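One structure is given below, represented as structure tokens, and several questions about it will come after.
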Amino acid sequence: MRGSTGAAPDERRRLVTMAVVAVVLVIGAGLSVVTAVLVRQGERRYAGQMMDRYTDDALAAVADEVGDYQHTLADLAVGLGAETDLTAADFAALTSGLNRQRLPAAAAVTFVVPAADAGTAALQADWRARGATDLTLTPVSPVFGTEHAFAVLDRSFDGRNTIAGRDLSQAAEAMEALRIARDSGAFAISRSYVLLRDRKLPAAAQQRSVTLVQPVYGFADGGWDPRQFRGWIVISLRGTDFMTATLQAQARGSVQLTLTEHDGNQRQLIATASAGTPEAGTAALDRDRVIEVGQRSWLLSVSPTDRLLSANDRRMTSLTLTGGIVVTVLLAVLVGTLTSARDRAVAQVAAATLALREDIARREETESRLRTRETELRHLALHDPLTGLANRALFWERVEHAFATHQRAGRTFAVLFIDLDGFKPVNDRLGHTAGDAVLCQVAERLRRATRSADTVARLGGDEFAVLVEQLETQGDAGIAAHRVITAVEQPLEPGAGLPAAATELPVTASVGVALSGDALDVDDILRRADTAMYAAKSSGKGRYVIGDA
């Protein structure tokens with residue numbers, strides 16, 4: 001009887017123990033499952049944050065890349081528009097600094113002009129006279145009305161034949177972009193298509209490309225005149241090259257990037273970059289962003305790969321579940337597992353923080369380079385590329401500023417218009433290289449003959465101008481003009497492209513002087529100085545004349 005009585009408590013304790021173990025197992029398993037689900041959700045959230053960062057960085061890179069090309073086109077448009085009589089030599093000079101290193105995806109840069117059917121022959125003769133001696137225009141049936149768009153000047157970056165003389169109106173995509181740019185007066189990008197220069201290549205070598213377009217306007221009345229439309233400056237970009245390197249760098253071995261046209265329900269591939277294998281069942285992590293560039297919409301699609309999800313450590317879910325089950329049996333294992341998980345989490349956070357800091361540093365460095373480049377481009381836009389002097393646009397701004405400051409202070413300034421006498425024989429006998437050397441030598445002499453506060457500018461050809469500020473007396477203007485004449489009339493110095501024979505060709509300066517005292521505005525004083533300069537030429541050259549109202 002005692003054996004039976006003692007067995008009952010043992011059985012009850014065993015049952016209680018089993019119940020407690022069962023409860024612990026159930027609670028532990030439940031907590032493990034809940035924890036595993038939460039960890040999985042956390043992985044997905046972190047992966048989503050990484051995808052957002054990859055997408056934002058890639059979007060910024062695309063915008064920056066297009067912005068670089070847009071700035072280049074804008075600078076070329078300013079330079080072409082500033083030329084009152086644009087020639088093939090001017091185009092070659094303006095595009096001489098462009099190459100595959102600066103524009104890695106560019107196939108060519110082209111100057112395109114419009115023409116009607118009846119004006120083709122006259123247009124061809126005009127551009128042959130401007131230096132494009134081998135130009136032969138080849139009109140085709142245009143896709144929009146009767147208007148043609150001829151490539152009159154073309155510079156290829158890849159060694160392939162140029163398309164000078166080709167009619168771009170045969171390509172509907174290019175013609176559409178040209179018309180959009182002209183109608184809006186702004187930068188535009190075409191839909192993707194096979195470039196005319198690539199259509200004779202084997203089909204396997206052809207690729208979808210885009211054309212970047214900037215309208216070119218003339219310069220009149222102190223500013224750009226939209227009524228003086230001269231044509232378009234165009235850069236052709238091959239799709240496989242365009243953005244592929246940029247997208248590949250942004251993929252960082254973790255995502256797949258695809259750039260397509262976003263035109264309603266129609267999409268056309270522009271460029272793609274991938275690293276790793278696309279992961280199935282990750283639609284929630286896919287990212288799509290629309291970017292507006294050149295009056296066109298592009299769609300940037302970003303998808304994760306197995307490398308991204310592997311780097312996010314998907315084993316954490318199974319480890320957490322296993323650890324949760326083990327912790328139910330052994331508390332020590334739980335502590336060890338949690339400690340290990342915490343250490344891994346801290347390491348991941350530290351690595352992510354370091355990567356974020358490095359990314360911020362790279363972005364700040366990129367912004368610094370962009371600011372530096374913006375300063376350089378502004379300098380190029382406002383200075384003469386041959387002599388480094390201020391150009392006509394910058395000189396006009398300086399004179400306008402002088403009017404504002406001197407009128408408030410009751411002071412007087414003077415504008416000197418300078419035209420070289422005897423410069424044409426230098427070009428005719430010694431060639432344009434010698435002529436350029438003379439212009440550079442004259443520019444340096446004008447710098448030395450004027451004060452550091454004065455503005456020396458080259459207005460074009462052999463015409464220069466000097467802004468002399470803060471005059472004590474009106475006679476100081478004559479003194480400044482005399483210094484200019486004396487500096488220029490010194491014998492030319494051979495060297496740097498100027499042969500010794502140049503020393504036998506006298507070059508002097510005729511100077512027209514206009515004072516601000518009774519001038520009405522910038523246009524008025526510049527006109528008076530120009531008139532006085534012609535008076536100086538008429539009265540014998542090598543002298544100056546002070547103009548009056």
Side-chain angles (χ1 to χ4, degrees), residues 73-96 98 106-157 160-188 190 193 195-200 211-220 224-236 432 460-461:
L73 279 176
D75 291 341
L76 289 176
V78 171
L80 293 171
E83 296 293 339
T84 56
D85 188 15
L86 180 64
T87 64
D90 295 329
F91 178 80
L94 287 170
T95 59
S96 61
L98 303 181
V109 59
T110 308
F111 183 59
V112 181
V113 298
D117 286 330
T120 301
L123 181 65
Q124 175 176 292
D126 179 50
W127 279 101
R128 285 185 175 180
R130 293 170 182 256
T133 55
D134 298 330
L135 179 66
T136 300
L137 300 183
T138 309
V140 298
S141 178
V143 295
F144 291 108
T146 60
E147 183 181 33
H148 301 277
F150 291 108
V152 295
L153 300 172
D154 184 67
R155 180 182 177 190
S156 174
F157 294 132
R160 296 179 182 173
N161 293 332
T162 68
I163 61 168
R166 297 285 292 275
D167 188 354
L168 269 65
S169 67
Q170 64 185 294
E173 298 84 356
M175 194 62 186
E176 178 189 26
L178 294 176
R179 297 189 62 165
I180 291 174
R182 182 180 61 185
D183 294 343
S184 64
F187 172 73
S190 74
Y193 69 106
L195 298 177
L196 295 179
R197 67 181 72 243
D198 291 346
R199 293 186 178 181
K200 293 184 179 181
T211 296
L212 280 58
V213 182
Q214 180 72 34
V216 178
Y217 298 97
F219 186 83
W224 304 110
D225 188 353
R227 294 169 298 180
Q228 294 191 22
F229 176 71
R230 293 186 174 181
W232 304 269
I233 186 70
V234 171
I235 290 181
S236 302
H432 290 288

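Hydrogens, waters and symmetry mates are skipped; everything else that's a heavy atom, side chains included, is used. Computed from a predicted model, the values in this text were never measured in an experiment.
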- Item | Flag side-chain contact, heavy atom, 4.5 Å: Phe187 against Leu212 |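 Side-chain contact under 4.5 Å: yes.
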
- Quick check: does any side chain N or O of Gln124 sit under 3.5 Å from a backbone N or O of Leu137, one acting as donor and the other as acceptor? yes

- Query: So, for Gly79 and Leu94, which heavy atoms are closest and what is the spacing to 0.1 Å?
  - Reply: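 Looking at all heavy atoms of both residues, the closest pair is C-CD1, 3.6 Å.
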
- Query: What distance do Phe157 atom CZ and Ser236 atom OG have between them, rounded to the nearest 0.5 Å?
  - Reply: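 Here the interatomic distance stands at 10.0 Å.
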
- Closest approach of Gly131 and Ala88, non-hydrogen atoms and distance? C-CB, 3.7 Å

- Message: Is the shortest side-chain heavy-atom distance between Glu147 and Met175 below 4.5 Å?
- Response: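 Of all side-chain heavy-atom pairs linking Met175 with Glu147, at least one is under 4.5 Å.
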
- Task: Evaluate side-chain contact (heavy atoms from CB on, under 4.5 Å) for Leu168 paired with Ile163, printing each intermediate quantity in order.
- Result: CA-CA 9 Å; Leu168 269 65; Ile163 61 168; 4.1 Å; yes

- Query: Which distance, rounded to the nearest 0.5 Å, do you find between the CG of Leu80 and the CG of Leu153?
  - Reply: 8.5 Å

- Task: Return yes when atom CG of Asp183 has more than 12 non-hydrogen atoms of other residues, nucleotides or ligands closer than 6.0 Å, and no otherwise.
- Result: yes

- Heavy-atom closest pair, residues Pro114 and Gly231: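 That would be CD-CA, 4.1 Å.
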
- Task: Report yes if some heavy atom in the side chain of Leu76 is under 4.5 Å from a heavy atom in the side chain of Phe111; otherwise report no.
- Result: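 Heavy-atom side-chain distance check fails, nothing below 4.5 Å.
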
- Could you tell me the separation between the CZ atom of Arg182 and the OH atom of Tyr217, rounded to the nearest 0.5 Å?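 One finds 9.0 Å between CZ of Arg182 and OH of Tyr217.
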
- Message: Going by the rule side-chain hydrogen bond (donor to acceptor under 3.5 Å, both in side chains), which residues pair with Thr136 if we only count those two or more places apart in sequence or in a different chain?
- Response: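 With sequence neighbours excluded, Thr136 shows a side-chain hydrogen bond (donor to acceptor under 3.5 Å, both in side chains) to Arg128, given in chain and number order.
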
- Is the closest side-chain donor-acceptor distance between Thr110 and Asp154 under 3.5 Å? yes

- Kindly give the heavy-atom pair with the smallest separation between Pro215 and Ala186, and that separation in Å.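 Scanning both residues completely, I find the closest heavy atoms to be CD-O, 3.5 Å.
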
- Message: Is it the case that the side chain of Asp167 and the backbone of Ala149 share a donor-acceptor pair, with hydrogens and angles ignored and the cut-off at 3.5 Å?
- Response: yes

- Query: Taking all non-hydrogen atoms of both residues, which atom of Ala177 and which atom of Ala188 are closest, and how far apart?
  - Reply: O-CB, 3.9 Å

- Message: With salt bridge (charged side-chain N to carboxylate O under 4.0 Å, His left out) as the rule and sequence neighbours excluded, what pairs involving residues 74-83 come up?
- Response: none

- Phe150 side chain reached by Val112 side chain, heavy atoms, under 4.5 Å: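 Counting from C-beta outward, Val112 and Phe150 never come under 4.5 Å.
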
- Message: Quick check against the 3.5 Å criterion: does His148 have a side-chain atom that pairs as donor or acceptor with the backbone of Ser169?
- Response: no

- Item | Heavy-atom check, side chain of Phe91 versus side chain of Arg130, under 4.5 Å | no

- Using the side-chain contact (heavy atoms from CB on, under 4.5 Å) rule, take Thr211 and Ile235 through it: C-alpha gap first, then chi angles, then the decisive distance, then the call. CA-CA 6 Å; Thr211 296; Ile235 290 181; over 6 Å; no

- Message: If you apply the rule side-chain contact (heavy atoms from CB on, under 4.5 Å), what do you find for Gln214 with Trp232, and how did you get there?
- Response: CA-CA 6 Å; Gln214 180 72 34; Trp232 304 269; over 6 Å; no

- Message: Apply side-chain contact (heavy atoms from CB on, under 4.5 Å) to residues Ile233 and Val109 and explain how you reach the verdict.
- Response: CA-CA 7 Å; Ile233 186 70; Val109 59; 3.8 Å; yes

- Query: Are any side-chain N or O atoms of Arg230 and backbone N or O atoms of Gly81, one a donor and one an acceptor, separated by less than 3.5 Å?
  - Reply: yes

- Could you tell me whether a side-chain N or O of Asp198 sits under 3.5 Å from a main-chain N or O of Leu195, the two making a donor and an acceptor? no

